Amino acid sequence: GMKKHFTTVIRILLVILIALITAVLLLAVFWFITGSLEAYPTDEQMEKARIMSGIIIIGCAATDAALIIGLRILCRPRGR
């Protein structure tokens, strides 16, 4: 029925979202490791980049976790 179709669409959207957020997360990790996207960053730029990427990493990881939990709840068979 409609409800099953709706759940499938949501599941696909969640998977796409998780993939996108994971990509952003990996970029942030790369940014964190390199310290900055500049060739010769100053210490101040390095620190700013570390703080920013740290925030992005935590935000993405938390969002990813929430989406994965949501997906698992959606995928759970009904009526048990």
Side-chain angles (χ1 to χ4, degrees):
M2 249 337 256
K3 194 155 192 294
K4 194 169 188 336
H5 178 70
F6 180 71
T7 311
T8 308
V9 170
I10 293 214
R11 228 190 268 174
I12 293 165
L13 287 175
L14 279 177
V15 170
I16 293 168
L17 260 180
I18 291 167
L20 285 173
I21 292 164
T22 305
V24 173
L25 181 67
L26 292 173
L27 278 172
V29 169
F30 178 75
W31 187 26
F32 186 85
I33 292 165
T34 55
S36 178
L37 301 175
E38 323 251 333
Y40 302 103
T42 63
D43 283 344
E44 196 186 328
Q45 281 173 324
M46 288 276 285
E47 191 161 348
K48 244 190 231 153
R50 284 268 152 83
I51 294 167
M52 282 300 296
S53 56
I55 292 168
I56 295 169
I57 289 165
I58 293 165
C60 287
T63 310
D64 248 0
L67 289 175
I68 290 165
I69 292 166
L71 206 87
R72 291 191 59 165
I73 292 168
L74 268 182
C75 294
R76 194 175 294 152
R78 295 266 183 269
R80 251 198 231 178

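Worth saying up front: this structure is predicted, and the values here are computed from it rather than measured.
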Self-check item: Pairs where residues 66-75 contributes a residue and the test side-chain hydrogen bond (donor to acceptor under 3.5 Å, both in side chains) is met, not counting sequence neighbours
Solution: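 Checked against side-chain hydrogen bond (donor to acceptor under 3.5 Å, both in side chains) - neighbours excluded - no pair reaches residues 66-75.
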Exercise. Measure the CD1-CD1 distance between Ile73 and Ile69 for me, rounded to the nearest 0.5 Å.
Key: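 Result: 7.0 Å between the selected atoms.
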Exercise. Give, for atom CD of Glu44 and atom CD of Glu47, the distance between the pair rounded to the nearest 0.5 Å.
Key: 8.0 Å
Quiz item: How far apart are the C-alpha atoms of Leu67 and Thr63, what are their side-chain angles, what is the distance that settles it, and do they pass the side-chain contact (heavy atoms from CB on, under 4.5 Å) test?
Solution: CA-CA 6 Å; Leu67 289 175; Thr63 310; 4.2 Å; yes
Under 3.5 Å, side-chain donor or acceptor atoms of residues 51-59 against the rest of the protein: list the pairs with distances, not counting sequence neighbours.
unit_1 : atom_1 : unit_2 : atom_2 : d
Ser53  : OG     : Ala49  : O      : 2.6
Ser53  : OG     : Arg50  : O      : 3.2

Distance-only donor-acceptor hits, side chain of residues 8-30, under 3.5 Å, sequence neighbours excluded:
unit_1 : atom_1 : unit_2 : atom_2 : d
Thr8   : OG1    : Lys4   : O      : 2.8
Thr22  : OG1    : Ile18  : O      : 2.6
Thr22  : OG1    : Asp64  : OD2    : 2.9

